[in-house]
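Just so we're on the same page: letters track the sequence lines, and every chain starts at 1. Scope of the values below: all heavy atoms of this structure, side chains included, with no hydrogens, waters or symmetry mates.
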There are 2 protein chains.
Amino acid sequence: MRQGKKARSTQRREDSLSPDRIVEASIALLDSSGEKGLTFRALSERLATGPGAIYWHIASKNDLLTAACDAIVARTMSAPVDDATPKATIRALALAMFDAIDAHPWVGSALTRAPGQLPMVRVLERIGQPLRALGVPDEEQWATVSALLSYILGVGGQNAANTHFAREQGLDRTNFLNEVSTVWSQLDPDEYPFTRSVARRMSAHDDRVDFLVGIDLMLDGIGVARGR
Amino acid sequence: MRQGKKARSTQRREDSLSPDRIVEASIALLDSSGEKGLTFRALSERLATGPGAIYWHIASKNDLLTAACDAIVARTMSAPVDDATPKATIRALALAMFDAIDAHPWVGSALTRAPGQLPMVRVLERIGQPLRALGVPDEEQWATVSALLSYILGVGGQNAANTHFAREQGLDRTNFLNEVSTVWSQLDPDEYPFTRSVARRMSAHDDRVDFLVGIDLMLDGIGVARGR
DNA sequence: ACCTGAACACCGTTCAAGT
DNA sequence: ACCTGAACACCGTTCAAGT
């Protein structure tokens with residue numbers, strides 16, 4: 001039944017526009033040239049169409065960014081994570097988000113700019129379940145996930161800013177952090193003793209390890225709060 | 001000696017431009033009409049000059065935003081906080097930053113976008129000192145402040161996003177959060193049980209209290225890490 | 001030294017007109 | 001139903017020209 005002319009007229013031409021194709025092209029553009037690389041003109045050129053065509057499928061640039069972000073987050077959060085303990089699961093999920101934002105820095109700011117929307121909800125849900133399993137009482141669950149999410153977003157945002165800044169100056173991340181470290185160690189010793197003392201370790205740090213330190217701090221804190 | 005023509009020629013006319021005046025006008029603009037309200041045209045109109053004039057004093061819009069951010073952060077971090085214990089001091093400093101970002105939402109994103117620069121360093125230094133007093137060993141100090149900072153930035157960013165979104169839709173924060181809560185409680189029960197269960201508490205929450213929950217989680221975690 | 005304001009090279013978004 | 005592409009109302013930034 002679904003063949004011949006009838007099917008043909010319902011089907012999209014292979015190269016026609018669709019929200020999915022637009023989102024995929026956006027991701028490619030964002031990954032290759034950063035947040036400011038995503039323009040309707042560049043996008044429509046890549047899709048061999050006019051800028052106006054995109055508006056038939058997507059309401060605004062903001063929506064487009066959120067949709068692109070959601071595509072990445074959905075992939076990341078749908079990956080199976082079956083670790084032994086709830087804490088290990090939370091760690092694994094947090095790390096997965098860290099890696100996703102590291103690979104797609106623009107996801108960090110996109111997530112922040114879409115509070116309460118689908119991408120955030122995916123993360124909230126996925127982290128919330130093991131949190132419940134941890135035994136955090138109902139009244140404390142919101143504040144606890146919220147804190148974990150904020151931390152993940154915070155680190156993600158700073159990571160994105162670091163890579164963005166580095167790229168802007170034509171350096172790689174390591175060189176950029178080394179430069180910051182140098183500036184820090186030349187600060188006034190009376191005004192900035194702590195920053196100076198920590199400068200060298202900052203440039204030598206492993207982002208992923210540091211990220212987990214924060215997660216563990218919070219997970220340990222959950223234990224304390226529960227009187228363990 | 002410093003009078004008459006000589007002084008006059010060195011002195012600025014009272015209404016002449018200066019980095020300080022530009023930054024103050026920028027803050028006013030940012031507070032009243034948000035991040036997208038800060039344009040060189042609006043700014044130069046407010047300062048009764050041309051757009052080009054500003055570039056004599058400030059290198060770029062990015063620098064301007066960072067300078068405005070730094071003015072707020074400097075004020076916030078220079079306020080005296082003499083609490084009994086190091087933990088209480090960290091709490092008070094974190095809360096001061098929370099309140100500053102709450103009053104000036106744009107500071108959140110500006111801070112994130114200026115990694116390793118002066119505004120961040122001020123916060124780093126101020127929180128680092130009590131952290132050292134807490135007895136956190138040298139090797140762990142960077143990762144620990146870094147985690148606290150990331151959390152503060154993360155919460156600040158989300159707060160900024162919430163107020164921005166609310167403003168965009170012509171709602172106040174409370175109404176905006178209520179709307180989000182409603183959407184959440186209508187999500188699919190099989191796919192989003194946790195989000196649904198937490199929806200009501202989310203809209204009823206007190207941002208400041210939730211913020212402190214996260215800080216305390218981390219401070220408690222520091223205790224655990226040190227074997228206390 | 002500092003300011004003016006037109007001009008340049010962009011944006012997101014809209015919309016009449018096409019197929 | 002979907003696409004085209006010119007046009008609108010903006011941006012940040014530059015720069016010759018002024019004082």
(Q) Is the ring pair A/F176/A/F165 parallel, tilted or perpendicular, if the boundaries are 30 and 60 degrees? (A)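 The rings of A/F176 and A/F165 sit tilted, inter-plane angle from 30° to 60°.
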Q) Is the distance from OP1 or OP2 of D/dA1 to the nearest side-chain N or O of A/H57 less than 4.0 Å? A)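 Checking D/dA1 against A/H57, no side-chain N or O comes under 4.0 Å of OP1 or OP2.
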Q: Indicate whether OP1 or OP2 belonging to C/dC3 is found under 4.0 Å from a side-chain N or O atom of B/W56.
A: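 No, because none of the side-chain N or O atoms of B/W56 sits under 4.0 Å from OP1 or OP2 of C/dC3.
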Q.
With a 6.0 Å cut-off on the ring centroids, do A/F211 and A/F98 count as close?
A.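 Close enough - the centres of the two rings lie under 6.0 Å apart.
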Q.
Applying a 4.0 Å non-hydrogen cut-off, can you work out what A/I54 is touching in the nucleic acid: base, sugar-phosphate, or nothing?
A. nothing
Q: Determine the contact category for A/L38: base if any of its heavy atoms lies under 4.0 Å from a base atom, sugar-phosphate if only primed atoms, P, OP1 or OP2 are that close, otherwise nothing.
A: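 Sugar-phosphate contact only - A/L38 comes under 4.0 Å of backbone atoms but never of a base.
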Q: Identify which nucleotide among C/dC3, D/dG12, C/dG12 has an atom closest to any side-chain atom of B/T39, counting heavy atoms from C-beta outward.
A: D/dG12
Q. According to the Watson-Crick and G-U wobble definitions, with both distances under 3.5 Å, which nucleotide is paired to D/dT19?
A.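 Its partner is C/dA1.
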Q. Applying a 3.5 Å limit to both distances, which nucleotide forms a Watson-Crick or G-U wobble pair with D/dT14?
A. C/dA6
Q: Return yes when atom CD of A/E168 has more than 12 non-hydrogen atoms of other residues, nucleotides or ligands closer than 6.0 Å, and no otherwise.
A: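 Counting neighbours around CD of A/E168, more than 12 heavy atoms of other residues, nucleotides or ligands fall under 6.0 Å, so yes.
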Q) Starting at CG of A/L65 and ending at C1' of C/dT13, how long is that distance when rounded to a whole Å? A) 17 Å
Q.
Could you tell me how far apart B/F40 (CZ) and C/dA6 (C1') are, to the nearest whole angstrom?
A. 17 Å
Q.
Here's a test of your reading of the structure: between B/P51 and A/R41, which maps to the more 5' nucleotide of DNA chain C?
A. B/P51
Q. So which one's nearest nucleotide on DNA chain C is more toward 5', A/K36 or A/A53?
A. A/K36
Q. Among side-chain atoms of A/H205 and A/D207, is any donor-acceptor pair under 3.5 angstrom?
A.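 Indeed, the side chains of A/H205 and A/D207 share at least one donor-acceptor pair under 3.5 Å.
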